[in-house]
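The structure under discussion appears below in the form of structure tokens.
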There are 2 protein chains.
Amino acid sequence: MLEFAILGLLHQSPMHGYELRKQLAQVLGGLRSISYGSLYPALKRMRAAGLITTDEPDPHALLPADAPPLTGRRGKVVYTITAEGKERFHELVSQTGPEAYDDGGFFGVRLAFFRLTAADVRLRILEGRRRTVERQREGLRASLSRTRERLDRYTLELQRHGLESVDREVRWLDELIDSELTGSGHGDAQTPPDQTGPHDQDPPRSEEKESHGVRQGRHRRRR
Amino acid sequence: MLEFAILGLLHQSPMHGYELRKQLAQVLGGLRSISYGSLYPALKRMRAAGLITTDEPDPHALLPADAPPLTGRRGKVVYTITAEGKERFHELVSQTGPEAYDDGGFFGVRLAFFRLTAADVRLRILEGRRRTVERQREGLRASLSRTRERLDRYTLELQRHGLESVDREVRWLDELIDSELTGSGHGDAQTPPDQTGPHDQDPPRSEEKESHGVRQGRHRRRR
DNA sequence: GGCCGATGTATCGAGACGATACATCGACGT
DNA sequence: ACGTCGATGTATCGTCTCGATACATCGGCC
């Protein structure tokens with residue numbers, strides 16, 4: 001996930017690690033940020049993988065193992081995406097598998113880079129997310145009506161609030177899907193050129209149990 | 001956090017690890033669960049610390065380092081809270097520091113065990129959570145109005161939805177606090193006996209910037 | 001008899017986190 | 001001129017968490 005986000009940001013312009021973190025927090029809606037303990041190791045990994053480069057020619061590349069902990073002289077490092085990195089990003093941005101929407105955090109990142117995502121991919125991700133959240137909602141509903149009597153007020157209240165949140169997310173997704181379908185003026189018609197190899201696309205996941213009967217209100221709300 | 005939750009559950013009755021996990025998921029509102037990769041190490045730690053005991057007398061206690069990876073014969077293990085564990089739980093349940101409400105997950109667990117929490121502690125935690133979420137809300141609001149022009153529709157939509165969620169949480173907390181103050185029939189008047197040593201209570205955290213002017217609507221909504 | 005899904009215990013590697021250290025810079029007061 | 005304070009900036013450490021996986025037992029059900 002971090003890899004995707006970093007590539008997405010560097011896709012637009014080179015940046016320092018510090019600013020990367022700020023932009024990320026901004027884009028993610030202010031709550032959920034990312035810590036340096038994740039960011040720098042990720043940058044290091046990606047650098048090793050050739051997805052990004054630094055201007056500084058590798059600090060502490062080879063120094064005697066007994067050297068002091070590298071104090072003093074810590075220069076600023078600008079990270080730049082490579083051609084390989086861009087390729088990797090375009091590969092990732094066309095993925096629509098469960099990992100794109102099952103985890104809320106990852107879904108948020110995907111959404112934040114929707115302007116760089118093809119229209120059909122956008123739709124598949126939104127609908128995937130809808131399925132996931134819908135399933136959560138039904139589970140929660142069942143659990144709530146099952147245990148309404150046996151739990152104390154606080155636990156019940158917690159579940160009720162959780163259910164409402166999930167409910168609201170479903171409705172929000174419906175609106176996004178709606179405005180995606182009525183095509184409220186967004187470019188990027190179909191998946192552009194790309195078509196890079198067989199990137200394991202969305203296995204239909206055994207078609208789900210699409211029998212819940214809770215499927216009428218869709219695509220008919222608002223706008 | 002896991003430690004608190006486990007102690008809280010075992011406080012009521014002994015359990016298998018498996019059931020511990022299920023109950024935890026139940027209590028946490030169905031979403032956010034806990035994985036075995038967290039649960040079993042936690043149980044092991046707590047067992048070593050003497051907070052809980054098992055009926056099986058320590059599997060793989062001392063066996064030659066070359067032994068096969070302990071295949072076959074894996075008995076069920078019932079975990080029971082010890083006197084020390086109960087003591088520890090009562091200590092934890094009276095804490096009202098930032099860790100009780102800054103992290104949403106931890107707060108959820110605390111709330112789930114409110115029936116075992118003294119009334120004044122409940123109130124402090126709810127108000128702490130309110131402060132935290134309120135601060136998030138203001139940050140989000142500021143960020144949204146600052147960047148309304150510069151961001152694309154999707155990022156904006158993400159932030160708007162996030163803001164609404166936070167907004168609803170604040171209102172939800174207000175209701176909880178309200179009904180806590182009007183004392184809608186809950187026992188546990190004051191912090192009971194306990195008073196176990198100097199448990200680092202809530203440092204007022206330099207009183208916050210309580211100047212936002214956004215402080216009128218409290219305690220006057222609904223009911 | 002054979003298979004499946006629930007129950008159940010447990011480990012592994014990848015990686016995320018909070019805390020912390022250290023460094024530079026501009027602004028501000030004194 | 002001096003101090004110091006907050007923002008910018010790079011980086012690591014130990015602790016924890018996660019998802020995936022392996023293995024085992026049990027009750028039904030065809």
Side-chain angles (χ1 to χ4, degrees), chain A residues 1-6 14-25 28 31-49 52 54-56 58-61 63 67-79 97-99 102-106 109 206, chain B residues 1-6 14-25 28 31-49 54-56 58-61 63 67-79 97-99 102-106 109 206 209:
Chain A
M1 187 208 83
L2 242 189
E3 179 182 321
F4 177 83
I6 291 174
M15 247 180 264
H16 288 170
Y18 191 83
E19 208 189 339
L20 224 29
R21 189 176 117 102
K22 275 203 311 181
Q23 299 259 339
L24 212 40
L28 258 313
L31 339 110
R32 48 175 72 267
S33 189
I34 216 72
S35 84
Y36 292 124
S38 315
L39 180 59
Y40 284 109
L43 287 172
K44 197 186 277 186
R45 279 196 306 273
M46 292 169 65
R47 187 177 187 278
I52 59 177
T54 59
D55 51 353
E56 300 253 328
D58 199 348
H60 56 78
L63 56 166
L70 194 40
T71 180
R73 283 311 310 128
R74 199 117 59 163
K76 309 194 177 185
V77 182
V78 175
Y79 296 92
E99 65 280 3
D102 272 4
D103 172 44
F106 208 155
V109 176
S206 79
Chain B
M1 189 208 83
L2 243 189
E3 179 182 321
F4 178 84
I6 292 174
M15 250 180 261
H16 289 171
Y18 191 83
E19 209 190 338
L20 224 29
R21 189 175 117 101
K22 276 202 313 181
Q23 298 260 339
L24 212 40
L28 257 314
L31 340 110
R32 46 176 73 268
S33 189
I34 217 68
S35 82
Y36 292 125
S38 314
L39 180 59
Y40 283 108
L43 287 172
K44 198 186 277 188
R45 279 196 306 274
M46 291 169 64
R47 185 177 187 279
T54 59
D55 50 353
E56 300 254 326
D58 200 347
H60 57 78
L63 56 167
L70 193 43
T71 180
R73 283 310 312 129
R74 200 117 60 163
K76 310 196 174 184
V77 183
V78 176
Y79 297 92
E99 66 279 3
D102 275 3
D103 172 46
F106 207 155
V109 176
S206 78
K209 275 112 59 164

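So that the names make sense, note that chain A is the first sequence line, chain B the second, and so on, each numbered from 1.
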(request) Verify side chain to side chain contact (heavy atoms under 4.5 Å, CB included) between B:Leu43 and B:Thr54, making sure each step is shown before the conclusion. (result) CA-CA 10 Å; B:Leu43 287 172; B:Thr54 59; over 6 Å; no
(message) I'd like to check A:Val109 versus A:Leu2 (side-chain heavy atoms, cut-off strictly below 4.5 Å). Are they in contact?
(response) no
(message) Distance check needed: D:dA24 P versus B:Tyr18 OH, whole Å only.
(response) 18 Å
(message) Under 4.0 Å, counting only non-hydrogen atoms across every strand here, what does A:Gly17 touch: a base, just sugar-phosphate, or nothing?
(response) sugar-phosphate
(request) For residues A:Val78 and A:His16, determine if any side-chain heavy atom of one lies less than 4.5 Å from a side-chain heavy atom of the other. (result) yes
(message) By nearest atom, which of the nucleotides D:dC18, C:dG8, C:dG18 is closest to the B:Ser35 side chain?
(response) D:dC18
(request) Grab the CD-C1' distance between A:Glu3 and C:dG15 for me, whole Å please. (result) 13 Å
(request) Using a cut-off of strictly less than 4.0 Å, decide whether A:Lys22 has a side-chain nitrogen or oxygen near OP1 or OP2 of D:dT8. (result) yes
(request) Identify the heavy atoms of A:Glu99 and A:Phe106 that sit nearest to each other, and give their distance. (result) O-CD1, 3.2 Å
(request) Would you kindly give the CZ-to-C1' distance between B:Phe106 and C:dG18, to the nearest whole Å? (result) 15 Å
(request) Using atom NE2 of A:His16 as one end and atom P of C:dC25 as the other, report the distance to the nearest whole Å. (result) 13 Å
(request) Take atom OH of A:Tyr40 and atom P of D:dG14, then tell me their distance rounded to the nearest Å. (result) 20 Å
(request) In whole angstrom, give the distance that lies between atom CE of A:Met1 and atom C1' of C:dA14. (result) 15 Å
(message) How many whole angstroms separate atom CZ of B:Arg21 from atom P of D:dT17?
(response) 14 Å
(request) Give me the ring orientation class for B:Tyr18 and B:Tyr36: parallel if the planes are under 30° apart, tilted from 30 to 60°, perpendicular past 60°. (result) parallel
(request) Considering just the side-chain nitrogens and oxygens of B:Lys44, establish if one lies under 4.0 Å of OP1 or OP2 belonging to C:dT11. (result) yes
(request) Hey, which sits more toward the 5' end of DNA chain D by its nearest nucleotide, B:Tyr36 or B:Pro41? (result) B:Pro41
(request) Please determine if a side-chain N or O atom of A:Ser38 lies less than 4.0 Å away from the OP1 or OP2 oxygen of C:dC17. (result) yes
(request) Would you indicate what B:Arg45 reaches in the nucleic acid, counting non-hydrogen atoms under 4.0 angstrom: base, sugar-phosphate, or nothing? (result) sugar-phosphate
(message) Between C1' on D:dA20 and CG on B:Leu39, what's the gap in Å once rounded to a whole number?
(response) 16 Å
